[in-house]
Structures are given as C-alpha cells and as structure tokens.
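Computed from a predicted model, the values in this text were never measured in an experiment. In what follows, chains carry the letters A, B, and so on, assigned in the order in which the sequence lines appear, proteins first and then strands, with residues in each chain numbered from 1. Heavy atoms only: backbone and side chains are in, while hydrogens, waters and symmetry mates are out.
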2 protein chains.
Amino acid sequence: MDLTDTPDLAYDVFSRTCPSRGTLEHVTGRWGALTLSALAAPEGSLRFNELRRRVDGVSEKMLSQTLQALERDGLVHRDAQPTNPPRVDYELTPLGREVAERLLALIHFVEGRMDEVLGARERYDVTRGCR
Amino acid sequence: MDLTDTPDLAYDVFSRTCPSRGTLEHVTGRWGALTLSALAAPEGSLRFNELRRRVDGVSEKMLSQTLQALERDGLVHRDAQPTNPPRVDYELTPLGREVAERLLALIHFVEGRMDEVLGARERYDVTRGCR
DNA sequence: CAGGATCCTTAGAGATACTG
DNA sequence: CAGTATCTCTAAGGATCCTG
C-alpha cells in the first residue's frame, strides 16, 4: 500500500472546485430531489407527463433540464420509443436507486419531524421576531 | 387500526405547499448542506469564521443567512457571548445531528461514486454531444 | 406526447463598506 | 470578531408558443 499521496480522498465536496458538488446539487436541488423520489416509487418507470404530475409545481422546462442532468450523471435511464405519438420512459439506474434510497431516508426523516421544526420556528420568531 | 383517513401523512414534500419543502431546501441547499456537514465534524462546535473557512467559497452574507435559517428550523444552536470582541459558537442540536447523519450518508455515497458519475457523463457527452 | 426555443422576471448570490 | 446594510448583476426559474 502506498499512502504517500491521497488518491482515495479524491472527491471532497468541501472543495469549491470538486465535481461532486455539482452532482450533489443535481441530486439535492429542488427539482432533482423530487424527481429522484418520484422515480423511486414502486412503479419503477414513469413517463414525462406522469412525472410532471407527481412533482407538483415543476414546469416543463425545469423537469426537462433536471432529467437531462440526472441522465448525464448516470442516475436516470431514458428510454425513448420513436413512435408517434412519442413515448419516453424514465427510470432509475442501479446507481440512481442507491442514491434515491439515501435521499429518501433524509426526506422521510425531515417529513417525520416537521412538527418539531415548526415548533422551533415559532419559538424563534417569538424571541427574535422583535428585531 | 383505522385507515379511513390519512392523518399520519401530514407532511408530504411532493405537495407544492408543504412546509417540509422549505426545510428540505434549507438542509439540502448548496450552503445548508455544507454547513450542516461542517458542524457534524468531531469538534462539535465552531465559530463563524471557522465555519467560513471550512465551507470553501461561502460569503459572509450567505453563511449568515444559512445559519439563521438552520437555527430557525431548530437544527443549529447558536451560542453568543456578549463579550468584546464577540464570540459566537454554532453547534448542531440533537435534531440537527440526526438530519446531518442522513445527509452525510448521502454525501459520502455520492463522493464515493464520483468515478462512475464522471464516466457516465463522458459517455453521455460523446453520444449526445453531437447535437 | 415529449420536449425545444424564446422571452421575461425576480430572487439569489457576490462584493464592498460599515458597526457593536 | 461577528455580523448587518446596501448595491449590483447574473442566472435560475416560469410562462408561452411551437414542432416532430
């Protein structure tokens, strides 16, 4: 084993220039997180407009951009049938599924603790609201 | 067990108006995620400028805003000594620590798979780059 | 149906200067 | 040291129209 250099710490999100920051932003961004979560549903595979309905509030443009970024990062697989009308199915790749798992653990935890969060907010606003 | 209504699903991030979306954005946002991660370090407690140095690239303004949002959500505790010069320490609350745990699981997973991601990107750019 | 192309708006972000 | 205040400006995001 050679430990003179640090090849295993190649990617550090704390560094401004690390590409992992970009990927993390795709994954955790407003629409990225919801899109991955939607695709993690049991159905496994969803069409463009199905996704759009699930991800409440997303525009066509943002969903399209989000899906492209996730596909480029190898987290989402895009299956386009050259039929008319066109039919395109999106599903998670194996890597994407592992990412989504961890993402959902975070999301569900936050959802489950929202009462605490909301309580903390009220307390904060009462004490510091008088600024 | 009564399953006729769904009171336990009170917070659903898929809904445009759910407050959990806001909290999730504080947690997963560019600076929120890095700030929580930095505070999850073994030291436990960090001062403003220590944080600023760890979170490479953050401005005073954004760090300040981020910390306020996280404090308001009850994830970060702020301890200000009214001395001169002032000294303020930030640390995770118990709830914040649980959130950070799950967040770090996601971050470390992504960091560990960046080679795959970068490989996928190259393949994507080669095949679709010709647009 | 799945998205590309366009235009438009504004909130988020950075830089700087100032203060207790 | 730990912020706040102010300014500027870009780029994310939304709405709309269009096409294979």
Side-chain angles (χ1 to χ4, degrees), chain A residues 16-17 21-35 38-39 43 45-72 76-91 124 127-131, chain B residues 16-17 21-35 38-39 43 45-72 76-91 124 127-131:
Chain A
R16 191 183 339 204
T17 56
R21 262 203 198 180
T23 298
L24 197 66
E25 277 168 36
H26 297 157
V27 170
T28 62
R30 169 149 43 159
W31 303 124
L34 294 175
T35 302
L39 288 173
E43 293 85 341
S45 172
L46 291 172
R47 304 178 61 175
F48 189 83
N49 280 315
E50 284 177 331
L51 267 170
R52 204 152 115 67
R53 257 167 264 128
R54 300 214 182 190
V55 181
D56 188 25
V58 72
S59 67
E60 294 181 3
K61 180 183 150 189
M62 290 318 298
L63 181 57
S64 175
Q65 277 184 16
T66 300
L67 285 168
Q68 280 179 34
L70 294 176
E71 187 194 358
R72 193 167 102 97
V76 163
H77 174 70
R78 180 175 185 276
D79 183 21
Q81 258 106 19
T83 59
N84 195 316
R87 177 192 177 98
V88 181
D89 291 272
Y90 293 93
E91 61 181 342
Y124 182 94
T127 60
R128 311 229 166 182
C130 52
R131 68 163 50 197
Chain B
R16 188 181 347 201
T17 56
R21 262 204 198 180
T23 298
L24 196 66
E25 277 169 35
H26 297 157
V27 170
T28 61
R30 166 146 54 156
W31 303 125
L34 294 175
T35 301
L39 287 172
E43 294 85 339
S45 173
L46 290 172
R47 302 178 62 176
F48 188 82
N49 280 315
E50 284 178 328
L51 268 170
R52 205 153 114 67
R53 257 167 266 129
R54 302 216 182 191
V55 180
D56 189 27
V58 71
S59 67
E60 294 182 1
K61 180 184 147 190
M62 291 317 297
L63 181 56
S64 174
Q65 278 185 14
T66 301
L67 285 167
Q68 280 179 35
L70 294 175
E71 187 194 357
R72 193 166 102 97
V76 164
H77 174 70
R78 180 176 185 274
D79 183 21
Q81 260 107 17
T83 59
N84 195 315
R87 178 191 175 97
V88 181
D89 291 272
Y90 293 93
E91 60 181 345
Y124 182 94
T127 59
R128 310 230 166 183
C130 51
R131 67 161 53 200

query: Over how many whole Å does the gap from B:Leu46 atom CG to D:dC1 atom C1' extend?
result: 15 Å
task: Check whether any side-chain N or O of B:Arg78 sits under 4.0 Å from OP1 or OP2 of D:dG3, and answer yes or no.
output: yes
- request: Taking B:Thr28 for its side chain and B:Leu24 for its backbone only, find out whether a donor-acceptor pair lies under 3.5 Å.
  value: yes
message: Tell me the interatomic distance from A:Gln81, atom CD, to D:dG20, atom C1', rounded to whole angstroms.
response: 16 Å
message: Measure CZ/A:Arg87 against C1'/D:dG20 and give the value in whole Å, please.
response: 18 Å
- prompt: Got A:Leu67 and A:Leu51 here, is their nearest side-chain heavy-atom distance under 4.5 Å?
  reply: yes
- prompt: When the distance from NZ of B:Lys61 to C1' of D:dT6 is rounded to whole Å, what number comes out?
  reply: 9 Å
- prompt: Side-chain contact, heavy-atom cut-off 4.5 Å: A:Thr66 with A:Arg30?
  reply: no
message: Is there a side-chain contact between B:Arg47 and the phosphate of D:dA2, meaning an N or O under 4.0 Å from OP1 or OP2?
response: yes
- request: Could you tell me whether A:Arg52 contacts a base, only the sugar-phosphate backbone, or nothing, with contacts defined as non-hydrogen atoms closer than 4.0 Å?
  value: nothing
- request: Figure out the CG/P separation between A:Leu67 and C:dC1, and round it to whole Å.
  value: 17 Å
- prompt: How do A:Gly57 and B:Val88 order along DNA chain D: which one's closest nucleotide is nearer the 5' end?
  reply: B:Val88
query: Roughly, in whole Å, what's the span from CG in B:Leu63 to P in C:dA13?
result: 13 Å
Separation of D:dT4 P from B:Phe48 CZ (nearest whole Å): 8 Å
query: Counting only side-chain N and O atoms of B:Asn84, is one of them less than 4.0 Å from OP1 or OP2 of D:dC1?
result: no
task: Check whether any side-chain nitrogen or oxygen of B:Tyr90 sits under 4.0 Å from OP1 or OP2 of D:dG3, and answer yes or no.
output: yes
query: Side-chain N or O of A:Ser64 less than 4.0 angstrom from OP1 or OP2 on C:dG4?
result: yes
- line: To the nearest angstrom, the CD-P distance between B:Gln68 and D:dA2 comes to 15 Å
- prompt: Taking atom CH2 of B:Trp31 and atom OG of B:Ser59, what is their separation to the nearest 0.5 Å?
  reply: 7.5 Å
message: Closest approach to the side chain of A:Met62, judged atom by atom: which nucleotide of D:dG3, D:dT4, D:dG13 is it?
response: D:dG13
task: Can you figure out which of C:dA17, D:dA2, C:dA13 approaches the side chain of B:Glu60 most closely?
output: C:dA17
- line: Side-chain atoms of B:Trp31 come closest, of D:dG3, C:dA2, C:dG14, to C:dG14
- prompt: Of all the nucleotides listed (C:dC7, C:dG3, C:dG20), which has the minimum atom distance to the side chain of B:Pro86?
  reply: C:dG20
query: So do A:Arg53 and A:Glu50 actually touch side chain to side chain, heavy atoms under 4.5 Å?
result: yes
